[in-house]
Amino acid sequence: MTKRDPFKYFKTSREIIRLAVMLYVRFPLSLRNVEDLLHERGIDVSHEAVRFWWHRLGPLFAAEIKKRRVAGLKSSRWRWHLDEMFVKINGERHYLWRAVDHEGEVLESFVTKKRDKKAALKFLKKAMRKHGRPDVIVTDRLRSYGAAMKEIGNADRQETGRWLNNRAENSHLPFRRRERAMLRFRRVRSLQKFAAIHASVYNLFNSERSLYSRSNFKRHRAAALAEWRNLCTA
DNA sequence: CCCAGGTTGACGTTTGCATC
DNA sequence: GATGCAAACGTCAACCTGGG
């Protein structure tokens with residue numbers, strides 16, 4: 001109990017803050033949508049407060065989810081899927097790189113201005129520093145990957161394929177929906193932040209392993225919710 | 001009294017729709 | 001297809017407020 005309470009000084013209860021952040025990150029809602037939704041339940045806060053909470057507590061939540069999930073993640077054949085998509089920020093083209101493992105967990109996301117070897121290399125190094133080396137890396141046919149892989153020295157582990165990689169591309173769908181609701185991102189900083197936090201929350205609630213049957217889904221969702229409510233409580 | 005959370009109103013950008 | 005315009009978006013800065 002000696003750790004500093006991240007909710008100290010907050011005038012709103014932590015339950016409400018957690019709910020607001022979850023609504024904003026998990027669903028395609030704007031800040032003002034969340035404000036409205038909370039108002040309907042008799043909670044009066046400004047959309048600016050929601051933004052503040054998200055900026056402040058979002059990374060904390062994400063970090064804690066990540067910490068809890070790390071254990072038991074590695075399987076016998078550790079396979080990564082790499083993919084990149086472009087995102088417009090104030091009319092400028094940027095690229096969002098993502099690494100997804102074979103179970104659909106989003107491992108890492110990263111924003112760059114260019115889509116070249118340098119960017120691919122930076123992203124790869126960052127991901128491997130955090131998660132270790134995968135046995136196989138699946139990419140699309142973008143040549144920057146091959147060049148980067150050669151430099152790192154695991155070109156032999158690369159597999160390319162037009163259809164091999166939809167694992168990663170599937171995870172773009174919820175992201176695109178989100179982008180639409182936000183009417184595009186304004187700043188690189190917030191895109192990077194949103195990508196990282198969204199990945200963690202997405203992993204927590206949409207884990208593929210337990211989506212097989214309805215009852216499993218319900219059980220999993222209840223567990224995920226319980227875990228969410230426990231974030232940063234200690 | 002200080003300082004952090006929270007409010008308010010304005011701003012630049014993007015989108016969807018109507019109109020030409 | 002081009003143009004104009006209102007609405008909605010996230011963001012910013014100035015301001016308010018209440019607990020330590």
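In this structure, F185(A) places its CZ atom 9 Å from P of dT11(C), rounding to the nearest Å. Per the geometry, CG belonging to L57(A) stands 10 Å off P belonging to dG6(B), to the nearest Å. Taking atom CZ on F194(A) and atom P on dT11(C), their separation rounds to 11 Å, with Å as the unit. Atom CD1 of I17(A) and atom P of dA4(B) are 16 Å apart (whole Å). When rounded to the nearest whole Å, the span between NZ of K88(A) and P of dT14(B) equals 8 Å. In this entry the distance linking CG of L191(A) with C1' of dG10(C) reads 13 Å, nearest Å. Going from atom NZ of K8(A) over to atom P of dC2(B) covers 19 Å, rounded to whole Å. Remark: C1' of dG10(C) and CZ of F52(A) are 16 Å apart, rounded to the nearest angstrom.
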Pairs under 3.5 Å (N/O, protein and nucleotides 7-9 of chain B):
from: dT7(B); atom 1: OP2; to: S46(A); atom 2: N; distance (Å): 3.0
from: dT7(B); atom 1: OP2; to: S46(A); atom 2: OG; distance (Å): 2.8

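For the pair Y9(A) and dG18(C), the criterion of a side-chain N or O lying under 4.0 Å from OP1 or OP2 is not met. Taking only side-chain nitrogens and oxygens, T12(A) comes nearer than 4.0 Å to OP1 or OP2 of dG6(B). OP1 or OP2 of dG6(B) sits under 4.0 Å from a side-chain N or O of W53(A). Contact annotation: N33(A) side-chain N/O to dC9(C) OP1/OP2 distance is under 4.0 Å. One finds no side-chain N or O of R51(A) lying less than 4.0 angstrom from the OP1 or OP2 phosphate oxygen of dG6(B).
Residue-to-nucleotide contacts include a donor-acceptor pair under 3.5 Å from the side chain of R32(A) to the base of dG10(C). One can find a donor-acceptor pair under 3.5 Å joining the base of dC9(C) and the side-chain atoms of R186(A). Looking at K11(A), its side chain comes within 3.5 Å of the base of dG5(B) through a donor and an acceptor atom.
Salt bridge annotation for K126(A)-E108(A): present, with a cationic side-chain nitrogen under 4.0 angstrom from a carboxylate oxygen. A salt bridge links R51(A) and E48(A); the closest N-O separation between the charged side-chain nitrogens and carboxylate oxygens is under 4.0 Å.
Figure legend: R26(A) and F205(A) shown as a cation-pi pair, the cationic atom lying under 6.0 angstrom from the six-membered ring centre and within 45 degrees of its axis.
Between the side chain of N203(A) and the backbone N or O of E105(A), no donor-acceptor pair lies under 3.5 Å.
Residues L57(A) and Y9(A) fall into different hydrophobic clusters, defined by Ile, Leu, Val, Met, Phe, Trp and Tyr side chains chained together at heavy-atom separations under 4.5 Å.
Side-chain atoms of T112(A) and W97(A) form a donor-acceptor pair, as typed in the model, at a separation below 3.5 Å. Between R143(A) and Y145(A), the side chains place no donor N or O within less than 3.5 Å of an acceptor N or O (distance only, hydrogens not considered).
Minimum interatomic distance between A148(A) and A120(A) (heavy atoms only, all atoms of both residues): CB-CB, 4.0 Å.
End-to-end axis angle of the helix from dC1(B)-dG20(C) to dC20(B)-dG1(C), using five pairs per end and rounding to 10°, comes to 10°.
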Please evaluate residues H81(A) and D101(A) with respect to the criterion side-chain hydrogen bond (donor to acceptor under 3.5 Å, both in side chains), reporting the C-alpha separation (whole Å), side-chain torsions for both, the decisive distance (0.1 Å), and the verdict.
CA-CA 6 Å; H81(A) 299 250; D101(A) 84 350; over 6 Å; no
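Ring geometry for W54(A) versus Y24(A): interplanar angle over 60°, hence perpendicular rather than tilted (30 to 60°).
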